[in-house]
Amino acid sequence: MTEVITAAEQDTIILAIESSCDETAVAIIKNGHEILANVVSTQIEIHRRYGGVVPEIASRKHLELINAVVQEALDQANMVLDDVTHIAVTYGPGLVGALLVGVATAKALAFASGKPLIGVHHIEGHICANFLVKQDFQFPLVCLVVSGGHTNIIKITDHGQYLLLGQTKDDAAGEAYDKIARAIGLPYPGGPHIEQLSREGNANAIELPRAWMGDDSYDFSFSGLKSAVLNYINKAKMKGEEINPADVAASFQQAVLDVLVQKTVRAAVENGVSNILLAGGVAANGTLRDQLQTAANAHNIQVHYPPVHFCTDNAAMIGAAAHYKAVKGDYADLTLNAVPNLSFEKLLIERGQA
Ligand code: KG4
Ligand code: ZN
């Protein structure tokens, strides 16, 4: 049986695994923020030739890599399995075959070592990437989570205590970036390429819609914008006209950022919150960071974000989130399973927070 350790009284040293998409990642995190090891083995180059993540290939690659990545993390930390206090893993949302590799590995490690197992929601991991950098935040906070699979505005009232203010009704912001990038011939993942190309383009060149979803809504929708950009490209093609990819990238990006920035700052103002956190892969975007900061400054609100390598998928953020669960003794047992469609709402319902 797993020994129950109340982490509040002792240091936590958490071996965390993340394998929900195309990064095989293992980190060892002390007390939620000290990074003893952080290994990310990315499959981006393998998936790039297909223009996106191929689930079957992702699971196979995770399986090939996971044991070596676990060992590399232990080596980096100069530790053996017995030195860690907990094993943590992302159990959803994500690609089922990819998640299963991480979950099965974590369960095997927990069983073999007798250490408690912690299941982490991927979005909670992204949020907690901010706590790797700074620990003395004053709650409540508002967090904009923007990644390839998610776009959420979340109010955080304490560690592990959330209120979902808004979410996308269709595509995630990162998904829209990746689809538009593909349409203008940029490689996968498209976000960083769109950001770079936008610097050479005119953000006002093409008139594109912004989905506000009603005056008081914190929800998002990006599918209409995506269709408008694809229509613009197709119409130009049919007329035999050249498009300017930099103008397309810049106009598209500005349409996304206008909505993200306006809604996030309004959420902070209306909730009396003076600190905004950014999280998820799209939070790596420098233009988003700058525009959000400028808009927030007008209301004396501070914006915080993790360094780029902690915005995109990594296991350090999973270790950070797991620390706050360990402190509460919130453990999983060996029946833990991958939940590919684990929405944030579902997590809050399970915790009685929705
Ligand atoms: O968080 P993440 O690594 O994976 C998911 O949980 O989805 O996010 C990946 C997403 C991709 O859609 C990628 O295009 C986007 O983040 N992304 C960016 C930037 N860097 C990564 N989007 C816009 N600008 C960036 N600089
Ligand atoms: Zn992610």
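Both counts, for ligands and for their atoms, begin at 1 and track the order of listing.
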As an exercise, identify every atom of ligand 1 less than 4.0 angstrom from a heavy atom of Y177.
23 (C)
Ligand 1 to T312 polar contact by distance, N or O atoms, under 3.5 Å:
no
About how many Å separate CD1 of I156 and CD of Q161, when rounded to the nearest 0.5 Å?
11.0 Å
Please list all pairs passing the salt bridge (Lys or Arg N to Asp or Glu O under 4.0 Å) test where one or both residues lie in residues 221-239, with sequence neighbours left out.
D171-K226
Would you kindly specify which portion of H126 sits under 4.0 Å from ligand 1, judged on non-hydrogen atoms: side chain, backbone, both or neither?
side chain
Assess, by modelled atom type and distance only, whether the side chains of N67 and Q71 contain a donor and an acceptor separated by less than 3.5 Å.
no
How far apart are the closest heavy atoms of K115 and D82, and which atoms are they?
NZ-O, 3.0 Å
If you look at every heavy atom in L81 and L74, which pair is closest and at what distance?
N-CD2, 4.0 Å
So is G149 polar-close to ligand 1, meaning N/O to N/O under 3.5 Å?
yes
Output yes when the distance from some N or O of ligand 1 to some N or O of D178 is under 3.5 Å, and no in every other case.
yes
Return the closest protein heavy atom for atom 26 (N) of ligand 1 as residue, atom name and distance.
E195 OE1, 2.9 Å
N/O of G148 under 3.5 Å from N/O of ligand 1, yes or no?
yes
Any nitrogen or oxygen of D313 lying under 3.5 Å from a nitrogen or oxygen in ligand 1? Just yes or no.
yes
What do we get for H122 next to ligand 1 when only non-hydrogen atoms under 4.0 Å count, side chain, backbone, both or neither?
side chain
Residue pairs passing the salt bridge (Lys or Arg N to Asp or Glu O under 4.0 Å) test with at least one member in residues 277-298, sequence neighbours excluded, are none
Pairwise distance NE2(H121) to CZ(R351) - rounded to 0.5 angstrom:
8.5 Å
Where is the nearest protein heavy atom to atom 24 (N) of ligand 1: which residue, which atom, and how far?
N285 ND2, 2.9 Å
Which residue pairs pass the salt bridge (Lys or Arg N to Asp or Glu O under 4.0 Å) test with at least one member in residues 258-282, sequence neighbours excluded?
R210-D258, R266-E270
Which residues and atoms, counting only protein N, O or S, are under 2.8 Å from the Zn ion (ligand 2)?
H122 NE2, H126 NE2, D313 OD1
State the atoms of ligand 1, each with its element, that fall below the 4.0 Å cut-off from a heavy-atom position in G174.
12 (O)
N31-Q135 side chain donor-acceptor pair, cut-off 3.5 Å:
no
Say whether C21 and ligand 1 are in contact under the criterion: heavy-atom distance to a ligand atom below 4.0 Å.
no
The protein heavy atom nearest to atom 18 (C) of ligand 1 is G191 CA, 3.5 Å
What I want to check is whether the side chains of Y162 and N152 have a donor and an acceptor closer together than 3.5 Å.
no
May I ask you to check whether over 12 heavy atoms, not counting those of F139, lie within 6.0 Å of atom CZ?
yes
When you measure from atom 21 (C) of ligand 1 to every protein heavy atom, which one gives the shortest distance, and what is it?
G281 O, 3.3 Å
Do the ring centers of F137 and H304 come within less than 6.0 Å of each other?
yes
Under a plain distance cut-off of 3.5 Å, with no hydrogens placed, do Y177 and E195 share a side-chain donor-acceptor pair?
no
